[in-house]
Amino acid sequence: MTSPAVAKSLAAAGLLFVDEWTEPEGLIPAIVAGQAPSCPPSDGRVEALLDFLEPQLHEKANADWYRLAVEGGLFSETDRRFLLALQSEETERPQWFCVELQSTWDLMGEGAAGPLGSAPCRPEFRMVSLDGNVLVFATTWEHAISTSVLKAPHRSQVLRRWAEDVASGSLDYPDEPPLSPAARRWLDTH
């Protein structure tokens, strides 16, 4: 579970937690999805890049996210739920939480100033569709912000190589739940 402060920050960004959802078998681990900005276009990554000096950066960044999310299939107009990678109170490692996009939202402003980034228009987040087949992510580079969509993330060689490393147990620590079984399940499922 996450803290009430995180829930409040997400609500200000237009995202509400959904308590009842079932994680599909073989879902990409959130720690593996963290490597998504390293995926090249040859892996199927479609990117919208905006320079920090872009006029109306905030509005254009929100519009890019929404366009890529809808076109890519992160959610639909009838079901606006998707999974968001966040740190839980139990561990410092990211986990998937189900959220629902509200009618009024601001992921690149309010959201990026909270748990979805480091400051307004400085996003850093990973989202996946409920079935795990669409990954949408944003990151902040030196002079620009990037929002991308990657369909069928299981086909990405970058993500598969990272998942193999995770599945080897190299990131498993004695006092925390192991990451390797989830990575192995994802690799074996796809």
Side-chain angles (χ1 to χ4, degrees), residues 1-3 5-7 9-10 15 17-18 21-47 49 65 68-69 72-74 82-99 107 111-112 114-119 122-142 144-190:
M1 186 47 94
T2 61
S3 72
V6 171
S9 292
L10 287 176
L15 298 175
F17 279 109
V18 175
W21 70 281
T22 303
E23 183 171 320
E25 183 67 28
L27 184 65
I28 185 172
I31 195 160
V32 173
Q35 292 298 312
S38 299
C39 295
S42 60
D43 276 358
R45 176 183 181 181
V46 175
E47 177 182 41
L49 191 68
W65 173 82
L68 289 171
L74 180 67
F82 55 90
L83 305 180
L84 174 64
L86 294 171
Q87 289 181 347
S88 72
E89 293 176 344
E90 294 85 34
T91 177
E92 292 184 20
R93 294 180 177 153
Q95 294 179 294
W96 293 117
F97 291 89
C98 189
V99 295
L107 300 188
L116 303 181
S118 60
R122 301 299 183 265
E124 199 65 50
F125 58 76
R126 311 293 174 261
M127 302 165 171
V128 70
S129 59
L130 294 178
D131 63 6
N133 290 325
V134 178
L135 182 60
V136 174
F137 49 97
T139 198
T140 300
W141 301 109
E142 186 175 354
I145 58 174
S146 165
T147 306
S148 300
V149 63
L150 179 65
K151 292 183 180 180
H154 62 276
R155 293 188 184 143
S156 165
Q157 291 307 303
V158 168
L159 297 180
R160 291 190 73 80
R161 281 192 301 272
W162 177 237
E164 286 289 352
D165 286 346
V166 174
S168 75
S170 62
L171 296 177
D172 291 346
Y173 298 111
D175 295 332
E176 295 186 21
L179 297 169
S180 53
R184 177 53 49 208
R185 262 191 313 279
W186 180 66
L187 288 164
D188 291 347
T189 301
H190 301 286

message: Which residue is it: Thr139, Leu116, Ile145? I am looking for the one with a side-chain contact (heavy atoms from CB on, under 4.5 Å) to Glu124.
response: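 For Glu124, the side-chain contact (heavy atoms from CB on, under 4.5 Å) test succeeds with only one of Thr139, Leu116, Ile145, which is Thr139.
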field: Qualifying residue, where the test is side-chain contact (heavy atoms from CB on, under 4.5 Å) with Met127 and the options are Val99, Val134, Leu74
entry: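 Only match with Met127 under side-chain contact (heavy atoms from CB on, under 4.5 Å): Leu74.
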message: Run the side chain to side chain donor-acceptor pair (under 3.5 Å) test against Thr140 and tell me which residues pass, sequence neighbours left out.
response: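 Partners of Thr140 by the side chain to side chain donor-acceptor pair (under 3.5 Å) criterion come out as none, since no residue qualifies.
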query: Between Leu83 and Trp21, does a side chain to side chain contact (heavy atoms under 4.5 Å, CB included) hold up when you go through it step by step?
result: CA-CA 10 Å; Leu83 305 180; Trp21 70 281; 3.7 Å; yes
Shortest non-hydrogen contact between [X] and [Y], atoms and distance:
X      : Y      : value
Leu179 : Asp172 : N-OD1, 2.6 Å
Trp186 : Pro29  : CB-CD, 3.8 Å
Pro94  : Ala85  : CB-CB, 4.4 Å
Ala33  : Trp96  : CB-CZ2, 3.8 Å
Gly44  : Leu150 : C-CD1, 3.7 Å
Ala36  : Leu135 : CB-CD2, 3.7 Å

Approximate separation, where rounding is to 0.5 Å, of [X] [atom1] and [Y] [atom2]:
X      : Y      : atom1 : atom2 : answer
Gln87  : Arg93  : CD    : CZ    : 11.0 Å
Glu47  : Phe137 : CD    : CZ    : 8.0 Å
Thr189 : Arg184 : OG1   : CZ    : 10.5 Å
Phe125 : Leu15  : CZ    : CG    : 9.0 Å

Report yes if the side chains of [X] and [Y] come closer than 4.5 Å at any heavy-atom pair, otherwise no.
X      : Y      : answer
Trp141 : Leu49  : yes
Gln35  : Arg161 : no
Pro40  : Val158 : yes
Asp43  : Leu159 : no
Pro115 : Leu10  : yes

query: What do the steps show when you test Leu130 against Cys98 for side chain to side chain contact (heavy atoms under 4.5 Å, CB included), and what is the final call?
result: CA-CA 8 Å; Leu130 294 178; Cys98 189; 4.0 Å; yes
Hey, does the side chain of [X] reach the backbone of [Y] with a donor-acceptor pair shorter than 3.5 angstrom?
X      : Y      : answer
Arg126 : Ala138 : yes
Arg185 : Leu27  : no
Arg45  : Cys39  : yes

message: Listing request: all ring-ring contact (aromatic ring centres under 6.0 Å, His included) pairs with a residue in residues 158-178, at least two apart in sequence or in separate chains.
response: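 For residues 158-178, and leaving out neighbouring residues, there are no ring-ring contact (aromatic ring centres under 6.0 Å, His included) pairs at all.
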- prompt: Passes side chain to side chain contact (heavy atoms under 4.5 Å, CB included), Leu86 versus Phe17? Steps please.
  reply: CA-CA 12 Å; Leu86 294 171; Phe17 279 109; 3.9 Å; yes
message: I'd like to know whether Ile28 forms a side chain to side chain contact (heavy atoms under 4.5 Å, CB included) with His154, so could you lay out the CA-CA distance, the side-chain angles of the two residues, the decisive distance to 0.1 Å, and finally the verdict.
response: CA-CA 8 Å; Ile28 185 172; His154 62 276; over 6 Å; no
